[in-house]
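Please read the structure below before turning to the comments.
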Amino acid sequence: MSPFPSTTLTCLLALLIPQVSATVGVLDIDNLLQPTLQPPSTPFAPTKDPWSHEPHCTKSTSLATLGQKFCVYTTNTTGPHGLSLIFRPRSATEATQYLNDNPLHSFLTQKEAQRLYVRGQPWKIVDIPGKAKGVVATRRIEQYETFMLDQAAVVMDMDAENALDSAQNRRLLKRAVDQLRVPSRIRDLSAAHAGSEGSDGKEEEEEEEEEGRLEESIMKTNAFGSTVAEVSTRALYPLISRVNHACNPNSFVLFSRAGVSLAIKAYRAIEPGEEITISYLLLGLPSKQRAHLLSRWGFNCSCALCTLPADERTASDLRRTLITRNEAKILELAEAYDLDAAIALGEESVEMIKEEQNWSLLTDEYAMLAMLWLEKGDRETAEKYGKMTHRLLADLGFLGVGEERESWRLEQVLESIGGLGGKGVSWKKSPLRG
Ligand SMILES: *[C@@H]1O[C@H](CO)[C@@H](O)[C@H](O)[C@H]1NC(C)=O
Ligand SMILES: *[C@@H]1O[C@H](CO)[C@@H](O)[C@H](O)[C@H]1NC(C)=O
Ligand SMILES: *[C@@H]1O[C@H](CO)[C@@H](O)[C@H](O)[C@H]1NC(C)=O
């Protein structure tokens, strides 16, 4: 699971948002929203055996996890790449209901899908000087446009990494890739391997002991932490992993509820020729952890946030710390019914969050302020903040698409907000404390 404690405000967002399953600018959604995952509305009729290959299993031999079994389950007709899960048998059975996770349905209205497909994809993969590859826009991409979709190809239970030794892990990973539709498409993600053609599953030149090293390194440098079918995993989305990191990205990632598919949306308009970027990091992390996280992806952090002069970096870290501290303090003040102080602190946080460009936190903060103003009896100001919450949530894709999104009227958002603090509900008992 996420290494971060879920915040109190997480509960608030979770209440506000119906079908959410998204992340804003970050790749690990867990600490923002923990949606109670339910089977998709059009459930995949779980066939007895959706797997295209006989499951291949390995048992842990380490003392702590002795006998735990992890297997490769492949369905080579799922998504554009096929999908291999390295899961425990029980999780694999559970996962069958999440396999029918078409990103077209999760992220686009029919009209948007048509437009995207009629006009053609607005991006291409190119060589980027100084980086291996990257993705650039081939036409203007509008702000908040959803322009790139992908589905996971290899998904590995985080537990497998600990339970199995590395040779076992590598063998499972190699098989997981071998069984996909076009294994070379995955192997080409390795800079070292790019361009060597015709290597689909044939590793003649590789030593026996090297088996799976390539796949292991590809997962290490390209996979994202992601909750897939309710399992904490490392997941490889081949197309999306071509998109490079930036500290101040122009796009962000949305995950589907099932976690199998994802989409990239633009934070702002992107001009033709401009490189598409997303943030690989949790902006909530102080700079030291940030640098550590980035080094996992095989590059040093040279973006502004990491290379800020020491005092500016300290200022940024301080803001992040303060934002977190304010959050607890606001709740405390609200409980003590010191609404004015709570509001003042909330407004201070809004400014700091804007400086840190953490939009998901901003929706939380606006909702919080709406609630506080409502509690104070100033419905007009509450509505102003409610509108800002609603607007931002919708723009960021949290309210779903099409009809689902339309049905999320401001009143409904306000009602959810009001329902938390309204008369008769003491702060202590409010779900906010949950
Ligand atoms: C899927 O797997 C089956 C069974 O191994 C194989 O016969 C089939 O050719 C594969 N399909 C694709 C598209 O790779
Ligand atoms: C925003 O801040 C929260 C809390 O610190 C963090 O969990 C989240 O990843 C951040 N998101 C972005 C986009 O920075
Ligand atoms: C990152 O920086 C370290 C220390 O300065 C260096 O040893 C390493 O080679 C660098 N890595 C990359 C990918 O540039």
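Whatever order the structure lists them in is the order used to number ligands and atoms, beginning at 1. Values reported hereafter were calculated over all heavy atoms of this structure, with side chains retained and with hydrogens, waters and symmetry mates removed.
Side-chain N/O atoms of S256 and S106 include no donor and acceptor closer than 3.5 Å. For the residue pair N326 / S349, a side-chain donor-acceptor distance below 3.5 Å is found, with atom types taken as modelled. A donor and an acceptor atom, one from each side chain of T324 and T321, are nowhere located under 3.5 Å apart.
Within a 6.0 Å sphere centred on CD of E271, heavy atoms belonging to other residues, nucleotides or ligands number more than 12. Counting heavy atoms of neighbouring residues, nucleotides and ligands inside a 6.0 Å radius, atom CZ of R268 exceeds 12 of them.
Here the OG1 atom belonging to T389 is positioned 11.5 Å from the NZ atom belonging to K384, to the nearest 0.5 angstrom.
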Between the protein and ligand 1, which nitrogen or oxygen pairs come in under 3.5 Å, and how far apart is each?
unit_1, atom_1, unit_2, atom_2, d
ligand 1, 2 (O), N76, ND2, 2.2
ligand 1, 5 (O), H53, NE2, 3.4
ligand 1, 11 (N), N76, ND2, 2.9
ligand 1, 14 (O), N76, ND2, 3.4

